A.B. asks: 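Dropping a structure here in structure tokens format, bear with me for questions.
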Amino acid sequence: MSKTALPDSFRERMLSMLGEAEGQSFLDSYERPRAYGLRINSLKVRPGSAAERDIQQRFGLEDVPWCRGGYYYDEASRPGRHPYHAAGLYYIQEPSAMSAVELLDPQPGETVLDLAAAPGGKTTQIAMRMAGKGLLISNEIHPQRAKILAENVERFGARNVVVTQASPGELSARFPLAFDRIMLDAPCSGEGMFRKDPDAIAEWSEQMVELCAARQWDILQDAIAMLKPGGRIAYSTCTFNRQENEEIITRLLAQYPELELAAEKRIWPHLHRGEGHYVALLQRKGLDGEYLPAAENPVRLSGTGPAWTKSKPHSKKRSSGESPNRSAAAAFEACSQWADHELPGLGALLGDGSPVLFGEALYWLPLSAGLSLSPRSLDGLKVPRAGLHLGEYKKGRFQPAHALAMAAAPNEAALIWTLKPGSPGLAAYLHGDILAVPEQYRGWCLVTVECGEDSFPLGWGKASGGQLKNHLPKGLRQPLS
Ligand code: SAM
């Protein structure tokens, strides 16, 4: 894109902000092509495995220096269209946007909030760092975007993520001082996206910058109200102006003496291989004035109801008195019986948590040391995903969800059917077609795609009489090329 397409007032501001020489070099970066990035999903692909090498070679990957597992890819290799994308083996993400979660550094077992999360780049990165342990609440205010977020979390196979669709105010009223770490990737004027998305230029104006700064300030008040003593918050934007970045942080530090700035970073398109990004990492002093790891510094919440008794996966002896939700217990019992035959590894797949039933949908709600979630604590909130979606429980029968297939490992299933990349069978499965399988195949079958020496789930099929009925959700089916 040409730098002359940039708004005049933006160009003038950047020249005065950076000085004539550096400002010109910044503006010249708009004449150069943008970088493309992806992160390999370590929840599925083992670091150092042949599968990882396969992905690296196939898409010409080169390390992004500021993100472990983050890579530049060769645009012509089109990883977004490959079946490995459908299998959730990586997430396509602008390279600079990978910097914020690296700075936040979430840990397994923590209670983490991603407050403005759709479409899910930072959420999936946080989920990787948490390695399935602890609780991640991933929130998006806009309903359609929250749906996309839930789909991306599902494809990624993340188990310990609850997706909510709420305003920051609704969440802060419900979860005061609840989170060890908070990611706030704020809605912003998007100046750093001009090269990647020329539509962002048409939407930009000086008034928009002011509007965004005011909104960011409001969202930050709610975010701080949810941060535990000793906790950390990363604030990021993809814009260059100081009003939405340094000035917001200076004002915040003046208003909250218990906060300190731990780090502040900018990524510039003329200095780095990526678009513009700003991140500030703030930490809140602990109760004794120190930063403490969350697990050693639990703060109990008021108003969220009692902690649920930890349910044992596959525990068949639960009496009605053991669970606060009898129908969830009955649904989970049906799920466990189904799993005995079809997914014997279910117990290993589920971390600490409890079954919850929303209508006919059965979820496994993750349990965290710091924040007890229960249907009661979620009551009145829109929750597109109350943890791992196990399946549907209708008239006493259990049917597994697509999300369960995506979170499972092939060795956890009783029956798998593996397809090679580029094979007609794989294209047919992704198209939604019935497949031919050996006559002796009976029941639910995990359909997987081969990569390196491993294979990775794409979805369910149900086998009988030499045929595999396709259970890939209709919205995920792909046209035959
Ligand atoms: N973190 C996301 C990722 O890595 O994929 C990108 C988030 S995007 C920069 C900012 C998000 O904030 C958008 O999804 C937008 O819908 C949401 N948003 C807009 N207005 C908001 C508000 N008033 N409060 C909270 N979030 C808002």
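Remember, it's 1-based here, ligands and their atoms both numbered in the order they're listed. Here the structure is a predicted model, which is why all the values come from computation and not from measurement.
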A.B. asks: What residue and atom, counting heavy atoms only, is the protein's closest point to atom 3 (C) of ligand 1, and at what distance?
C.D. replies: Gly121 N, 3.5 Å

A.B. asks: Can you find an N/O atom of Ala186 closer than 3.5 Å to an N/O atom of ligand 1?
C.D. replies: no

A.B. asks: Evaluate Lys228 against Asp180 for salt bridge (Lys or Arg N to Asp or Glu O under 4.0 Å), listing each step before the verdict.
C.D. replies: CA-CA 6 Å; Lys228 271 184 188 176; Asp180 301 308; 3.0 Å; yes

A.B. asks: Compare every heavy atom of Met98 with every heavy atom of Leu38, then report the nearest pair and how far apart it is.
C.D. replies: O-CE, 3.5 Å

A.B. asks: Could you see which bit of Ile219 sits under 4.0 Å from ligand 1, with heavy atoms only: side chain, backbone, both or neither?
C.D. replies: side chain

A.B. asks: Going by the rule side chain to side chain donor-acceptor pair (under 3.5 Å), which residues pair with Glu260 if we only count those two or more places apart in sequence or in a different chain?
C.D. replies: Gln283

A.B. asks: Give the residue and atom name of whichever protein heavy atom lies nearest to atom 27 (C) of ligand 1, and the separation in Å to one decimal.
C.D. replies: Ile141 CG2, 3.4 Å

A.B. asks: Is there a salt bridge (Lys or Arg N to Asp or Glu O under 4.0 Å) between Glu275 and Arg195 once you walk through the steps?
C.D. replies: CA-CA 8 Å; Glu275 305 309 302; Arg195 187 164 63 166; 3.0 Å; yes

A.B. asks: Could you give me the CA-CA distance, side-chain angles and deciding distance for Arg13 and Glu191, then say whether salt bridge (Lys or Arg N to Asp or Glu O under 4.0 Å) is met?
C.D. replies: CA-CA 12 Å; Arg13 192 227 301 139; Glu191 293 163 358; 2.6 Å; yes

A.B. asks: Quick one: do the Gln107 and Asp105 side chains pair a donor with an acceptor below 3.5 Å?
C.D. replies: yes

A.B. asks: Where's the contact between Pro168 and ligand 1, heavy-atom distance under 4.0 Å: side chain, backbone, both or neither?
C.D. replies: side chain

A.B. asks: Distance to 0.1 Å, residue and atom name: give those for the protein heavy atom nearest to atom 4 (O) of ligand 1.
C.D. replies: Lys122 N, 3.1 Å

A.B. asks: Starting from atom 10 (C) of ligand 1, what is the nearest protein heavy atom, named by residue and atom, and what distance separates them?
C.D. replies: Asp185 O, 3.5 Å

A.B. asks: With a 4.0 Å cut-off on heavy atoms, does Gly120 reach ligand 1?
C.D. replies: yes

